[in-house]
Asks: 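Would you mind keeping the following structure in view while I ask a few things?
Just so you know, these numbers come straight off a predicted model, no measurement behind them. So you know, we letter chains A, B, ... as the sequences are listed, proteins then strands, and number each from 1.
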Amino acid sequence: MEIPHIVTPRKDTGLFNAKIAIWLFLASEVMLFGGFFSAYVFLRIGADYPWPERTLPVLPGLINTFILIASSVTVVFAWASLKMREWRRFQIFMGTTVACAVIFMCFKGLEYSVKFHHQAARLIDYSVVEGHLGYETKGGHGEGHEGEPDYVKDADGNKIEDNHYKIAASLLTFDVLRAYKPWLENMVEDAGRAGSAITLSEDIDFNKEGDEPDESKVFKRGTELSYDLITKIRKAHLANRNQNAAWRTDFLSEAWDQKWAEVKANDGLGEGAFAADYPKGLELGPDERKLAYVRWKAGKRASMATDVDLNKVMLEIGGKKVHYADIALPEQGTAAFTIDKPFTVRFSSYDVISKFDPNATSINLRDGTVVGGTYEDSSIAFHYVDGIDFQHLAMKAEEKGQDPVIAIENSWLIKENPEVAMLWEKHQKVIGQLEEELATHGREPTHKDRYRMGWQEIAYYMQTNLDDVQIVKGKYAAPKVGMTLVEQFKGPDYTTRMADKAKPQFPAIHIPREMVMLDSKFKPKWNTYYAIYFTITGLHGLHVIGGAIVLGYYLFFGRKMYLSNPEWLANRVEVGGLFWHFVDLIWIFAFPIFYLM
Amino acid sequence: MADTPEAIKKSQKLYLMIGLCLFIGTIVTVAVATVPWLDIGKHGFDTADMILGLCIASFKVGLVMYFFMHLNHEKAWVYGVFVLSLVMAFFLAFLVFFAKGDPIHYDNFNTGGVIVPGCLKLIGL
């Protein structure tokens, strides 16, 4: 049977089938993205921190906007070429469209990559430090700048970033059900390199006392830690736990039956309190009546569960009558290991669930492992600070009715870091000049002008003496160093800017862990701005990929259809093009919202 | 819609002009946000910049939909579908106001707490 209206439009709608479908689909997409943009608005107006305004580099976003607009033009031209039956021209325009999609995604990937490698830390006084971490060296923090440093490496041979919790471990207790294999294996390798032995601290015996001993269920004190050992302990534990669960079910069932018989004998169900309170219970079947009784008891702040005791019940198992306690098998869900010579284990702040306490003697990890030991120096070492932001601190000070400048000058960053204090002094001078200049136009500096120093300002301040610090007339902004084209995409080029050891353009700061409230890369964890930024642009990126695949299919596999029914192919390309235009118009909104507002 | 080869050939100039308008619109959007002497309203980002930026974006979106997506040749019901979806999206967005009905969990996120002052702040009142 031939399907009507795949090429020619219906008279009533004026559209062929696929076009009706794509319009309805795009309407649903409007609601999908509408929901996310609404989420953006609500997150922004409900944010309890200064929303990052104009925080993303504009140039990559601008180029991507141009690319998508250009691709919208070329996809229309590709469709027009098909309508004019010019296959070669169609190929050129459609090829350009797909190439634009690939370039767009490359720029987006570069932008994401920069964010994923950029570190930030919010201190307990709400000041924020941004920058890049170094790698930990065996000589300690900050030793990585000179010569060929000796880096600390993980089990895979990768250098370790200077932002980890470091713990001198002397005891490890694993949750055998949840222990995370890569961490455990890393610890074993680290211990091996440190010349430490991690061994089981006491015997674990899953045999029931008095039963025929099974050697495979015995784990001897002194056995070396391995994931294989943990797996065996887990299996033995689970086997016993499952058997116990089955027995408990049998015993509880028996206990309930006995209790029910007792209830029936004492209460009668037809004359007692239950029946008086709940006469309808008499109309129920036996099972429903039991349930109704339990609910009635619960209403009286009691339950059958509290009335039954499985230990009072005896069942015939293995030819003799026993209590549950007589046959229950030993269970042990944890395994403790001692370390003969403490060694350093490293975990990211995300993986440690205990709040940092320098006096702590045990630290809980996300997989249930408890590390016994003490914290070593776990400072976050920013080797290059490229952003200092006091906006949040100032906001908090204003909420308390305090002078933000005084609050900033009392902050840890200013008091304990002479370089930052020097930067702040220069910035204050600049803000004074900016205030004067803007006042002539009846304007004043923004919060961001006053309380944030970006990487270009920091580099300028680092290179300029206090007396020479001067705003550029007519720029209405703090003075900055210029940036190269590559820096507009990837941020500061540290190799070049730190080459002159006598005049580095970025300070280094070591922040004691107890001063840190939150540390993160510029990922969704950092704040709700990045959460919604990655959500919307990520979803948009998926649409770009999907659209490019469909258009690429027409480009590479459309020739056969073009020869047999060119109008049908033109219709398909028109439908694909409509989706592509939609992808473009979402970006037309996303670009100013995320990059310019 | 231009459907004959001749009509489509004629339309190509229009498509190029629309593309050019979109490029110019983008440059204007960036310029008003980054060039100091084009900064309207208060110094830096403010409500005026937001309204201007969104107006330019809406104009660009209108051009894409009207010409590139050929809405100028579609029947009224297609517009109806889009208007309906926009209205739905708008109302769905404000469903969060119903959170006010639960004073325990969302006490801080209701019309008296954050939303209304936030909206007023956003539009500069």
Side-chain angles (χ1 to χ4, degrees), chain A residues 13-15 23-24 26-35 37-39 41-42 44-47 53-54 58 62 65-66 69-70 72-73 75-77 79-80 83-85 438 441 443-449 474-477 574 577-578 581-582 584-585 588-589 591-593 595-597, chain B residues 2-5 8-9 11-12 15-16 18-19 22-23 25-27 29-30 32-34 36-37 39 42-46 49-50 53-54 56-58 60-61 64-65 67-70 73-75 77-78 81-82 84-86 88-90 92-94 96 109 114-115 117-119 121-122:
Chain A
T13 62
L15 303 172
W23 278 124
L24 293 176
L26 292 183
S28 72
E29 290 275 275
V30 167
M31 285 188 276
L32 172 70
F33 278 97
F37 280 115
S38 304
V41 172
F42 282 102
R44 182 164 183 160
I45 60 182
E53 286 170 1
R54 298 177 177 175
V58 174
L62 177 63
T65 310
F66 285 153
I69 290 172
S72 254
V73 176
V75 84
V76 171
F77 273 82
W79 166 78
K83 282 287 205 184
M84 294 186 290
R85 306 292 183 261
L438 284 170
H441 302 279
R443 293 175 164 193
E444 54 182 28
T446 61
H447 237 241
K448 190 177 166 186
D449 288 333
K475 287 266 187 189
Y476 304 109
E574 188 182 358
L578 283 175
H581 294 310
F582 178 79
D584 182 23
L585 63 88
I588 286 175
F589 274 122
F591 171 60
I593 285 175
Y595 293 76
L596 303 174
M597 291 183 184
Chain B
D3 226 15
T4 61
I8 287 171
K9 206 163 196 173
S11 305
Q12 291 188 89
Y15 295 144
L16 274 179
I18 299 300
L22 293 173
F23 277 110
T26 306
I27 292 167
T29 311
V30 174
V32 295
T34 54
W37 53 271
D39 183 11
K42 294 177 190 167
H43 172 62
F45 173 74
D46 69 341
D49 296 313
M50 181 189 72
L54 289 179
I56 298 171
S58 302
K60 285 163 65 187
V61 163
V64 171
M65 292 186 78
F67 294 103
F68 285 171
M69 298 173 87
H70 302 129
H73 295 288
E74 302 298 0
K75 293 192 173 182
W77 76 269
V78 177
V81 167
F82 268 90
L84 191 66
S85 62
L86 280 171
M88 283 288 286
F90 183 79
L92 285 172
F94 285 90
V96 75
F109 199 72
V114 171
I115 301 294
C119 289
K121 194 179 164 195
L122 203 65

Asks: What's the separation between atom OG1 in B:Thr26 and atom CD1 in A:Ile69, rounded to the nearest 0.5 Å?
Replies: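 Separation between the atoms: 3.5 Å.
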
Asks: At a 4.5 Å cut-off on heavy atoms, which part of B:Val64 comes close to chain A: side chain, backbone, both, or neither?
Replies: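 When you check distances to chain A, only side chain atoms of B:Val64 fall under 4.5 Å.
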
Asks: Among B:Ile56, B:Val32, B:Asp49, B:Leu16, single out the residue with the greatest number of heavy-atom pairs under 4.5 Å to chain A.
Replies: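 Max contact count across the listed options: B:Leu16.
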
Asks: Rounded to the nearest 0.5 Å, what separation is found between the CZ atom of A:Arg54 and the OG1 atom of B:Thr34?
Replies: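 Those atoms lie 8.0 Å apart.
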
Asks: Quick check on B:Leu84 against chain A: is it the side chain, the backbone, both or neither that has a heavy atom closer than 4.5 Å?
Replies: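 B:Leu84 has no heavy atom closer than 4.5 Å to chain A.
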
Asks: Which atoms of B:Lys42 are under 4.5 Å from chain A, going by heavy atoms: the side chain, the backbone, both sets, or neither?
Replies: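 Only the backbone of B:Lys42 comes within 4.5 Å of chain A.
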
Asks: Measuring from atom CD of A:Glu53 to atom CG of B:Asp46, what distance do you get when rounded to the nearest 0.5 angstrom?
Replies: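 Nearest 0.5 Å value for the CD-CG distance: 9.0 Å.
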
Asks: Might you point out which heavy atoms bring A:Arg443 and B:Asp39 nearest each other, and give the distance in Å?
Replies: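 Minimum heavy-atom contact is NH2-O, 2.8 Å.
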
Asks: Within this structure, what is the CZ-CG distance for the pair A:Phe66 and B:Leu22, rounded to the nearest 0.5 Å?
Replies: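 Atom-to-atom, A:Phe66:CZ and B:Leu22:CG are 10.5 Å apart.
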
Asks: Select, from A:Val73, A:Asp584, A:Ile588, A:Ile593, the one with the greatest count of heavy-atom pairs under 4.5 Å involving chain B.
Replies: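 Among A:Val73, A:Asp584, A:Ile588, A:Ile593, the one with the most close pairs to chain B is A:Ile588.
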
Asks: Parallel, tilted or perpendicular: which describes the rings of B:His70 and A:Trp79, with under 30° parallel and over 60° perpendicular?
Replies: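 Answer is tilted, since the angle falls between 30° and 60°.
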
Asks: What part of A:Tyr595 lies closer than 4.5 angstrom to a heavy atom of chain B: side chain, backbone, both or neither?
Replies: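 For A:Tyr595, there is no contact with chain B at all, as no heavy atom is under 4.5 Å.
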
Asks: Please classify the contact between B:Val30 and chain A as side chain, backbone, both or neither, with a heavy-atom cut-off of under 4.5 Å.
Replies: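 The answer is both parts of B:Val30.
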
Asks: Decide if atom CE of A:Met31 counts as having more than 12 heavy atoms of other residues, nucleotides or ligands within a radius under 6.0 Å.
Replies: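 Count over threshold, so yes.
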
Asks: Find the one option among A:Val30, A:Thr65, A:Leu32 whose heavy-atom pairs under 4.5 Å with chain B are most numerous.
Replies: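 Looking at each option in turn, the highest pair count goes to A:Val30.
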
Asks: Is it the side chain or the backbone of A:Glu444 that comes within 4.5 Å of chain B heavy atoms, both, or neither?
Replies: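 Just its backbone gets close to chain B.
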
Asks: Nearest heavy-atom pair of A:His581 and B:Met69: which atoms, and what distance?
Replies: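 Heavy atoms only, the tightest pair is CB-CG, 3.4 Å.
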
Asks: Find the one option among A:Val58, A:Leu438, A:Val75, A:Leu26 whose heavy-atom pairs under 4.5 Å with chain B are most numerous.
Replies: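 Ranked by heavy-atom pairs under 4.5 Å with chain B, first place is A:Leu438.
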
Asks: If you count heavy-atom pairs under 4.5 Å with chain B, which of A:Pro592, A:Gly35, A:Ser72 comes out on top?
Replies: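 Sorted descending by pairs with chain B, the first entry is A:Ser72.
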
Asks: Is the NZ atom of A:Lys475 crowded by more than 12 outside heavy atoms at less than 6.0 Å?
Replies: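 It does not: A:Lys475 NZ has 12 such atoms or fewer within range.
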
Asks: Roughly how far, to the nearest 0.5 Å, is CE of B:Met88 from OG of A:Ser28?
Replies: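 Rounded to the nearest 0.5 Å, the OG-CE separation comes out at 11.5 Å.
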
Asks: Flag the one option from A:Leu62, A:Leu15, A:Leu24 with the top tally of heavy-atom pairs under 4.5 Å to chain B.
Replies: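 Counting heavy-atom pairs under 4.5 Å, the top option is A:Leu15.
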
Asks: What's the separation between atom CG in A:Asp449 and atom NE2 in B:His43, rounded to the nearest 0.5 Å?
Replies: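 With rounding to 0.5 Å, CG (A:Asp449) is 4.0 Å from NE2 (B:His43).
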
Asks: What part of A:Leu596 lies closer than 4.5 angstrom to a heavy atom of chain B: side chain, backbone, both or neither?
Replies: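 Both backbone and side chain.
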
Asks: Are any non-hydrogen side-chain atoms of B:Phe68 and A:Leu585 less than 4.5 angstrom apart?
Replies: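 Side chain of B:Phe68 against side chain of A:Leu585, heavy atoms only: no contact under 4.5 Å found.
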
Asks: Can you tell which part of A:Ala70 gets under 4.5 Å to a heavy atom of chain B, answering side chain, backbone, both or neither?
Replies: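 For A:Ala70, the contact with chain B is made by backbone and side chain together.
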
Asks: How close do A:Thr446 and B:Gly44 get, heavy atom to heavy atom, and via which atoms?
Replies: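 Of all heavy-atom pairs spanning A:Thr446 and B:Gly44, the closest is CG2-CA, 3.8 Å.
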
Asks: Specify which of B:Pro36, B:Ala89, B:Gly19 makes the most heavy-atom pairs with chain A at under 4.5 Å.
Replies: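 Highest number of pairs under 4.5 Å: B:Pro36.
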
Asks: Between A:Trp23 and B:Phe82, does the ring centre distance come in under 6.0 Å?
Replies: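 Yes - the distance between ring centres of A:Trp23 and B:Phe82 falls below the 6.0 Å cut-off.
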
